[in-house]
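Let me begin by presenting the structure, written as structure tokens, before commenting on it.
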Amino acid sequence: SAGEGGTSTDTASSTDTLKIGVLEDQSGNFALVGDPKAKASMLAIEEINANGGIDGKQIETFQRDPQSDNQRYQELTRTAINEENVDALWAGYSSATREAIRPIIDRNEQLYFYTTQYEGGVCDEFTFAVGPTARQQLGIVLPYLVEEFGPDIYTIAADYNFGQLSADWVKVLANENDANVLGEEFIPLSESSFGSTINRIQEADPDFVMSMLVGANHTSFYEQKASAGLDIPIGTSTAMAQGYEHRRLDPPAMANIYAGVNYMEEVPTESNTGDGGFVDRYFEMYPDAPYLNEEAETNYFSTYMYKKAVEQAGTTEQPEVIDALESGIELGTEEAPEAPEGETIRLDGATHHVDHHMWIMRADEEHNIEAVENRQIPETFLSETAGCNLPENPEQTQYTPVDYYEEAE
Amino acid sequence: MSDTETESDIDPLGPNVRQTAAELATGDRTETLLQTDGLVKQFGGFTATDDVDFSVAEGELRCLIGPNGAGKSTLLNLITGTYEASDGSIYYNGHDITDLEPHERVSRGISMKFQVPSVYGDLSVRENVRLPVQQFADGEERRRLVAEAIGAAGLTGYEDVEAGQLSHGQQQQLEIGMAAALEPDLLLLDEPVAGLDVGEREAIAERIRRLNEEKGIAFIVIEHDTDFVASIAEEVTVLHNGEVFREGAIAEIESDPEVQRIYLGGES
Amino acid sequence: MLELDDVSAAYDTTPILRDVDLSVEEGEIVGVMGKNGVGKTTLLKTVMGLLESSEGTIRYDGVDVTHASADERARAGIGYIPQGRDVFPKLTVEQNIKMGETIRSDSDETLYDQIYDYFPVLEERASQEAGTLSGGQQQMLAIGRALVSNPDLLLLDEPSEGIQPSIVDQISQDMQTINADLGTTILFVEQNLGVIREMADRCYAMERGTVVDELGPSTIADEDAIAEYLAV
Amino acid sequence: MVNGINLALQFLDSFAFIVLAAAGLAIIFGIMGVINLAHGEFILIGAYTATLAVTQLGLPLVVAMLVGGLVTGLFGILTERVIISGAWPNYVSQRTLGRDIIEPLYDRLADSMVATFGLSLILTQGARIRFGNSIDQIATPFGAISYGEFSYSSYRIVLAGVSIGLLLVTYYLFTRTDFGMRARATIQDKQTAQAMGVNTDRMYMLTFGIGSSLAGLTGALFAPVISMQPTLGDQFLVEAFVAVVVGGPSVVLGTALSGGVLGAILATFSNLYGTFIGRIALLVAALIALRFLPNGITGFIDQLRKRRQESD
Amino acid sequence: MARNSANGEANRSLPGRLRSRFEGPNTIGESRGFWGGFAAAVAALAVYPAFGDSSQLSLFMVLALLGLSLSVVWGYSGVLSFGQVVFFGIGAYTFGVVSINFATPGGITAAVVAGIVGGGLSAAILGYFMFYGGVRDVYVTIITLVSTIVLHTFMAQTAGSEWAIGEAALGGFNGMPDIPLLTLGVGGLSYQFIYNPFPMRVIGIGAFEISPFYYLVLVLLVGTYLALRALVNSDYGRVMVAVREDEDRTEMFGYNVTRVKFVVFTLGGALAGLSGVLYAARNVYIDPTVFSLLFATLPVIWVSIGGRKSLLGAVVATLAIEYLRISMAGELALVLLGTLLLVTILVLPSGLVPWLHEQIVATRLGPGEAGGADTPDAPSEVSD
Ligand SMILES: Nc1ncnc2c1ncn2[C@@H]1O[C@H](COP(=O)(O)OP(=O)(O)OP(=O)(O)O)[C@@H](O)[C@H]1O
Ligand SMILES: Nc1ncnc2c1ncn2[C@@H]1O[C@H](COP(=O)(O)OP(=O)(O)OP(=O)(O)O)[C@@H](O)[C@H]1O
Ligand SMILES: NC(N)=O
Ligand SMILES: [Mg+2]
Ligand SMILES: [Mg+2]
């Protein structure tokens, strides 16, 4: 039981249960976003179990709180794979977490779902990065803001791979939309005072700000900019849909913030907000939960994608399940409430990414949320630009915009 | 000091690249061991020692007396390097030691007992004594010296007691034992018998005389107990207001009316 | 005024005092003597309440104070001058004295002058940090600080330790003056024969944690008799 | 181009943040010798109490903030009695087992760290269990002031004023009153203070309570401007420790001075080179200060004063 | 109760003489029973991989080296360093940077050495800066704490591509994920310690795989423990303890207190560096969390809980606390852990292991005797 590095095909496949590992932050800097993820996974699992399980097998879970600590993630990932023999693993909010555990995942050939909106570019035979990518999120919100407010952008982003690469994407998209980035600032995750940042934004005087701030400490930015009287439109891939700042802060701190997201609790599809919809089911199971966020929905629908794949493969053997997933799973709005009635979202077998239905959600002075625009945006960076095709060419790479776009330098 | 010790196995921590006091004891005794030259120490605006010229010869036993606050402890602390001199110099064995670190002075043969006992409270009496001894003795000899030092301090039977649990007087005894265990050439004692009972006072007086006579250790002893002073020393220096006020034979000093006025008081 | 009845006390589990019986009448000056380590300091600490007695009763002014805390005893009028000059090193000389004054509401301003009279150096150094005083000066401060609270019973642990001879004489005389003028009762520990002879009306001798003898005025006057109790 | 007003305002901001972050810790560490690693959680208690007092009880903001300070002060007293001095557990154990079970944490620097670290885990997680991963926040009062192309939150300026006020009150309390003298005497030598009639138990309790309530007040004052979540206290810890130690032995004066010096460095470097450089500059300045002024700023001032007297 | 101070060492047996190097008033456990128990514990650890999760245990043992480094520096020399993780982290990052740039067996072996030297050197620099600058007591604690925070702040923002040393990107909050597998030796004469399971078949237990890394760490931990025991019971160790108890007094015995602190601090840094190297090697990853306040606090906690003046305590407490930290699950896990730490430190101020030792000695000697000699057949005077 000690050696690490062997493949773990030795799973519970022969029994009449299967085991899913769920490692999501329920304390620490990312708890606010991680907790709904864990809850939504449990909701999906409970629903599936209540409806007879996957291929007749009940789902067991191995769930732990890695406390927003990447070293702890590594340890728990090892435990999940080597000791608990999970058949599939959902783990991690931040991109740094994903990169910390991906080597362990790959070495053990473990089927892994990464469900956070992220910078994009991960082309990995064992990883299914099913959240929306920067190109999808910024791709819907940035052109809209350029159109509405003008071409001058100021970027503030969390100082780690997600923020750095997302900022690169802002530059790429600015270029594609004839806009220009006046300045950018990367902010350590531990920072919570934004006085000088606010001053610098005022000095640069952009038409709008792109904000990719992350985690509990960065939330303070929105209240601080509001009380400093900085009143400027903000586009974001991270605010509101993840940490529900529009519910936690007193209005009008979040007024005029535009989030490019595949999902948030307010997304106005029938299967989401309608009677007995996703929102109802979630709060029935967790009456005290504060919010149903973007990542939670991704955990939810990806659990159903896994279910479909196992049923299609007829086994929980991971290589077969991966093959089934790569055949291109599609989900309707019932299981993927982000999509409006009649639409589906599709897992792209070649890239292990999802062609999402994206929304621009805006908060008004009272913090009411309205959908300003929505459409399907396929993943294009990996499939078209980088040429990732995992079934043909298995690899474990993360492609970055610098490799393909001059302006991202 | 173990005679097997060679240059190479000298503990880099330890002192003792020096002649032993015992060796000196057999030699010429009249040379000046310690000399201060215009020593000044100021605390803020206050001058604690003022231009003090003071000297001790090899193997001499000198007492330092004077009113409270006269600067006696300050002078000793200057000699050990605990305080940095504001002005003036200190010579020891002909070398200027004014700028040396305290531990460097100790390794040249100066050892001191503080006015307030500061033994290692959490360590046993034996561990306390072993610390100075281990610098120059090993194995069987070390064991012997440690036992001897404890015995001489009157603490036989207390070897395994934590020093912090000794009474005030017992701690004083231990302090002296430790300072003497270093086998210094010059031993500075700040009020060695304060708080000791009559019996212990006599024992310590005897001890000081023996160390002085047999090992040739030179002493500077500060003490307010004049009987005690008279029992160990012939020569005394009186410090007053930070300056050397009188110097001379004990009988002379005791009958000096000025000294009586500022220090001894009462019936003369 | 003070009565100890079969009092025993221990540090943690190490018993030190055993069945001590002792009494001090109002207005008396009583000495305690004995060799190093016999438990004199422990006795005073137990009277002060810094160490709780494990057995026996302590009565002060007719009241059972066996279980009273030290600060309660202090406010009831017991003053204490610890051995080894426990002044507050980071407070100034003046603040140290003031600490004594705040004990009791009935302390009296003129005491200040009297204390500065005894120890002029304390007035000179009023704003110096007490920790930087010379040994003897600290001892004077400790005495001054206890006096300013105008205690009814004063406990002194080796008051002459580290003090220059002229002032030792002066302290013995001053204590007697205080005793006479203010009626302060005094219980003191000493190694200095001169001081014992000068001050004490009566004297207890201690050995190994207990009182072994009581010496009347005639014995005290006899130098050799005292020396016998203190010598080896 | 550096805008002078920006810099000045940022200085006020940094000054207030450092001073308020440090105030409670300065008392508990500087005066009592207890390293309170739960300092951040005391701030959390103040922040949550003030916020909930507004959102749940509808109290006016100022009252809610005072309540935040008060509740944290009471919690501090409880902590002191139960953990730091162990007085209550010992009272019980004396009567049941006939001996003390807890040795007070005063003067046990590292042990006080372990104990308060344990406490901080309990408090953070307790807050998470009880209130979730965040609570609704209150808005920042007083609006903003504008100058040229810039604007700034007026509340941040008010904070600077409050921090100076608190410093003055604390300074007066600990240096100019009988209470302060007794508290300091107690910490220097408990036994002797007892013999001087000081109820040392009460001194410990009150001093700890005052330190705690200052931490709570800090939390309450910052409640509108920081994110209300269980680890919010962490953001204050670094500045708090650095300021206290750079300040040196005179607790209150030291905190004020290090708030001034470190605040100036933080504001200038953040303003010129960004938040990250600002923070690094602050920390490096602290390291250098500690190395060259091992007794802190006030220790250094003391030394200077003595030098000057000597040369007179 | 053989107190053989009188008859000296001449007539001690060879194992007795050997043992005496590891015994003295500065460590607990001197009886034959203790050493028997010690051997049994080491043996148990050696066969543990057949029964349990040795991967996790190897992590705990790596951290125990970090705990030991603080025990020497603080527990024995009185320098409360909040910065052992600085040297740990520098060791880890140095190992990562060097091994990524020179990913050959020889290069990786050199990286291990570089990591240890990196830890020691950084401690030497910081130590020189502090001790020769007259910084003392709690100020040392805070300077080391601030150093930790500086590194945390700094390393957390090295996400940009400009932060790379040769091939090795520092990676900021992401950390360094591409550290090569630990391989010691040069050229053909090398052995890979990570991800190189060693198949074993033991009659009665069956077939299983063991990790060579686990045994590497076990040997290092036991070796380090014994070496430190010898150190603290040597003359030098006695001086360290004297420095801890009273610096000024020790200086007055002619010891160069500043240098003792400097040397011990450097040694502690190198040991922390070794621990960091092994940590990075085991995880094949290192990130700035090792410089976080939480992680910086852990060594202080291990050592306090285990017993500050006990090397064994540091090891035992590290293993126990880290095991609890990883295995406790559920909402209340942190509350329970906090309570446990709080109660332990309040009720057992001298630490777990010294307390256990007292209990054992007390039961063995029976009531009444407990106050006497600490353990049977303990030499009351151990010296060379
Ligand atoms: N750190 C200091 N700051 C200010 N004044 C000081 C300091 N240290 C000593 N002094 C003053 O210097 C003078 C000399 O002190 P010192 O301790 O040398 O006296 P002493 O002769 O040893 O007296 P005693 O017999 O009472 O021990 C005293 O007046 C004392 O108050
Ligand atoms: N804190 C303590 N813990 C344990 N034992 C102690 C403690 N303090 C003193 N003792 C022991 O108690 C005994 C009596 O001590 P005490 O201080 O009362 O003696 P004393 O008569 O005042 O002696 P001296 O004349 O030396 O001051 C001594 O044997 C001493 O070792
Ligand atoms: N993917 C993120 N937000 O790190
Ligand atoms: Mg003196
Ligand atoms: Mg005594």
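Residue numbers begin at 1 in each chain, while the letters A, B, ... track the order of the sequences.
A donor-acceptor distance shorter than 3.5 angstrom exists from the side chain of A:Gln202 to the backbone of D:Ser151, with no hydrogens or angles considered. No donor-acceptor pair under 3.5 Å is formed between the side chain of D:Arg156 and the backbone N or O of A:Gly195.
Residue D:Pro141 does not touch chain A at all, counting heavy-atom pairs closer than 4.5 Å. If you measure heavy-atom distances from D:Gln10 to chain A, the contacts under 4.5 Å come from the side chain alone. For D:Tyr155, no part lies near chain A; criterion is any non-hydrogen pair under 4.5 Å.
The most heavy-atom pairs under 4.5 Å with chain A, out of D:Val225, D:Thr231, D:Asp234, come from D:Val225. Counting heavy-atom pairs closer than 4.5 Å to chain D, the top residue among A:Ala289, A:Ser190, A:Ala216, A:Gly243 is A:Ala216. Counting heavy-atom pairs closer than 4.5 Å to chain D, the top-ranked of the candidates A:Gln26, A:Glu185, A:Arg247 is A:Gln26. Interface summary for chain D: among A:Ala31, A:Pro188, A:Ser227, the most heavy-atom pairs under 4.5 angstrom belong to A:Ser227.
Note that the CD atom of D:Gln229 and the CG atom of A:Asn217 stand 6.0 Å from one another [nearest 0.5 Å]. The distance from atom CG of A:Leu230 to atom OG of D:Ser146, rounded to the nearest 0.5 Å, is 11.0 Å. Distance check: D:Gln137 CD to A:Ser220 OG gives 7.0 Å after rounding to the nearest 0.5 Å. Taking CD1 from D:Ile226 and CZ from A:Phe194, the interatomic distance works out to 12.0 Å, rounded to the nearest 0.5 Å. Here D:Tyr152 contributes atom OH and A:Asn199 contributes atom CG; the two are 6.5 Å apart, rounded to the nearest 0.5 Å.
Counting non-hydrogen atoms of other residues, nucleotides and ligands closer than 6.0 Å to CD of D:Glu149 gives a total above 12.
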